[in-house]
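Here it is, the structure, as structure tokens.
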Amino acid sequence: MILRGKAHRFGDDVNTDYIISGKYKFKTLDMKELAKHVMEDLDPDFYNKVEPGDFIVAGRNFGCGSSREQAPLAIIHANISAVIASSFARIFYRNAINTGLPVVEVDTSAISDGDELEVNLGTGKVTNLTTGVEITAKPLPEVMIRILNDGGLASHIRKHKGFALED
Amino acid sequence: MGKTIIEKILSAHSGCDAAAGDIVLAKVDYVMGQDGTSPLAIKAFREMEVDKVFDPAKVAMVIDHSAPSPNEGVSALHKLMREFSGEQGITLYDIGEGVCHQLMPERGHVGAGDLVIGADSHTCTYGALNAFSTGVGSTDLAAAMATGKLWFKVPETIRFECNGVLPPGVFAKDLILYLIGQVTADGATYKAAEYAGEAISALSVDARMTVSNMAIEMGAKAGLMEPDDKLKEWLAAHGRTDWNPVWPDPDAVYHQVLRYDVSNLEPQVAKPHTVDNVSPISEVAGTPIQQAVIGTCTNGRLEDLRIAASILAGRKIHPNVRLIVAPASRTVLLEAIKEGIISTLVEAGAAVVTPGCGPCVGTHNGVPSDGENVISTANRNFKGRMGNSNAFIYLASPATVAASAIAGEIADPRVYFTK
Ligand code: SF4
């Protein structure tokens, strides 16, 4: 799958409280409503700035903090197509795959706010269309590709009536 | 080749000879969700089109984060949890029972060598009980409820050998804050931590949980400790007479072995807005505070309240300070009442709230105002964590928080401990 969009640049250690504050997550299961508050402590205008298909680009340790799955879900519902970061916190990474949000782990130092990017999820290649720089990500483990291909873990379990991680 | 604790537990639960880097499908011994994560897990469970949880005796849901409910949105989610628990015959810990990470060990749901998952990041707490326990999201929780299994990448392990004797007035919380400051907030990402050495053995099992609880604040997947007689007795006292201790092999392969001597450690404080922004107390003493919090899954246990009460006994909190105390569980509260700890704290000026998460995560029970400083025994000080992104949160031990509540500013608790 090839994705194209604009980079919204954030720094290191973007925690789940910044992605979606605890004060909202407990209130509702309505992800559209939560999506309006995505990243608002870091950028109050973020939700309105995003064009469908844009990327969140961050530094190290994206998604650290709580295990709230509202974080990747709210990002998906804010119409972000993928998160690209130098590294991810472990639980966020799993939750993203489980809920069907593509995550790309790659050195993001050559990506600035507003750069146009093209991301090939199959090969892990990220092309910065603004600067012409190409970077290649670590491939996802096979297990995660299977889950993403099934549309997330819930549909994986439904489809296979349990885990089907090996042939 | 020798194995670490986590490699052994994942081998035993997957039937594979698991080594760091492998991906395994492992059986889980117990599964837990709280009120911030269970509603989404119930939704995902329905999407999986599974009728029944794998084993109702091995699943619990805990209403602790916003308990009692502060608004009708939360009430609807709590209701959903109650209905699901009734339908599935699983354990429900309703409001007032306590914080999930206190209830799981206290009610005998965790034993040595177990594999436990919880939809809460601080599930790593039970590493202190020699269990591999880790936090997952709601969909993982649903998958484990449905199948009794979950996949794991076997992590490498960083071993922290802590030797020496903690000085008076310096506690497990200071030790773990110090270690996080040393390795940073992502220093152990994708790794497991093993905490060992005489400074760890000397801690009570309750204090060990404070250390394992914060493994996630260095990014770790688990914060494991070796088993010993103290643990065996503790588990037996909490209904777990089965005993399957797991030691690392002497020739286990570690990513890193870090050695520390804690003999000269000062009380430590994590400053806003990251947990690894740690200073010794001498550098932050004198910072004015408006709110002090004692509680949470990190430091809301009986011995924490006991330490705070020993400092607050016969004294009053500063007129500019609110002190909020949230005991970690109903059992802790009852014991603290029997010991007279609660009267001591209330006489000193504390507001005692329902056992549970209290004000830790900003849903209720003490949201600070703009520009205010809070000193708390919790594990996170992120901007906005307590419900106001214009407040400043400092993290410290119960002793430091109690001393600061009296002084109206961050204060060194060691003056209360010199004989
Ligand atoms: S006390 Fe705080 S850190 Fe612990 S489970 Fe509750 S909200 Fe999370």
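Proteins come first, then strands; the chains are lettered A, B, ... in the order of their sequence lines, and each starts at number 1.
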Query - Interchain contact, T139(B) with chain A, by part (heavy-atom threshold 4.5 Å) - result: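 Both backbone and side chain.
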Query - Proximal component of R385(B), with respect to chain A [non-hydrogen, under 4.5 Å] - result: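 Its backbone and side chain both get close to chain A.
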**Report entry** Full working for ring pair (Phe, Tyr, Trp, His ring centres under 6.0 Å) between Y18(A) and F10(A)
**Finding:** CA-CA 11 Å; Y18(A) 292 159; F10(A) 295 89; 9.5 Å; no
Query raised in the report: Should D41(A) and K383(B) count as an ion pair when the cut-off is N to O under 4.0 Å?
Result: no
Report summary line: Ranking D140(B), I216(B), T189(B) by heavy-atom pairs under 4.5 Å to chain A gives rank one to D140(B)
Requested in this report: Please determine, among G362(B), A44(B), G135(B), S389(B), the option with the most heavy-atom pairs under 4.5 Å with chain A.
Outcome: G135(B)
Query raised in the report: Where does I147(A) contact chain B at under 4.5 Å (heavy atoms): side chain, backbone, both or neither?
Result: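 Contact with chain B involves the side chain of I147(A) alone.
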Query raised in the report: Which of the residues T16(A), D30(A), N95(A) is involved in the greatest number of heavy-atom pairs with chain B at under 4.5 angstrom?
Result: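 When all of T16(A), D30(A), N95(A) are compared, N95(A) has the most.
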Query - Minimum heavy-atom distance between S21(A) and R68(A), given as atom pair plus value - result: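 Between these two residues, the closest heavy atoms are C-NH1, 3.6 Å.
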Query - Structural part of N15(A) lying under 4.5 Å from a heavy atom of chain B - result: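 Only the side chain of N15(A) comes within 4.5 Å of chain B.
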Report summary line: OG (S66(B)) and CG (N71(B)) are apart, to the nearest 0.5 Å, by 7.5 Å
Requested in this report: Measure P72(A) against the heavy atoms of chain B and call it side chain, backbone, both or neither at under 4.5 Å.
Outcome: neither
Report task. Calculate, to the nearest 0.5 Å, the distance between atoms CD1 and NE2 belonging to I20(A) and H77(A) respectively. Result -> 12.5 Å
Query - Part of L25(B) within contact of chain A (heavy atom distance under 4.5 Å) - result: side chain
Report task. Would you sort out whether N213(B) and H101(B) count as a side-chain hydrogen bond (donor to acceptor under 3.5 Å, both in side chains), showing the intermediate values? Result -> CA-CA 9 Å; N213(B) 175 268; H101(B) 305 308; 5.7 Å; no
Query - Structural part of S138(B) lying under 4.5 Å from a heavy atom of chain A - result: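 Contact with chain A is through both the backbone and side chain of S138(B).
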Query raised in the report: Which atoms of L73(A) come close to chain B, meaning under 4.5 Å heavy atom to heavy atom: side chain ones, backbone ones, both, or neither?
Result: side chain
Query raised in the report: Measuring from W151(B):CH2 to R146(A):CZ, what's the distance to the nearest 0.5 Å?
Result: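 If we round to the nearest 0.5 Å, W151(B):CH2 and R146(A):CZ are 13.0 Å apart.
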**Report entry** Options V275(B), L150(B), V50(B), ranked by heavy-atom pairs under 4.5 Å with chain A, top entry
**Finding:**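 Max contact count across the listed options: L150(B).
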Query raised in the report: If you count heavy-atom pairs under 4.5 Å between each of E49(B), H122(B), K43(B) and chain A, which one has the most?
Result: E49(B)
Report task. Taking the side chain as every heavy atom from C-beta outward, state whether S121(B) and R380(B) have any atom pair closer than 4.5 Å. Result -> yes
**Report entry** Option in L80(B), I23(B), V136(B), L40(B) with maximal non-hydrogen atom pairs under 4.5 Å from chain A
**Finding:** L40(B)
Report task. Just give me the residue among N379(B), D186(B), T274(B) that pairs up with chain A most often, heavy atom to heavy atom, under 4.5 Å. Result ->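 The candidate making the most pairs under 4.5 Å is D186(B).
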Query - Atom group of F88(A) that falls short of 4.5 Å from chain B, counting heavy atoms - result: both
Query raised in the report: Does the cation-pi check pass for R94(A) over F152(B), that is, NZ or CZ under 6.0 Å from the six-membered ring centre and within 45° of its axis?
Result: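 Yes, R94(A) sits over the ring of F152(B).
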Query raised in the report: Is any side-chain heavy atom of D64(B) less than 4.5 Å from a side-chain heavy atom of D35(B)?
Result: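 In contact.
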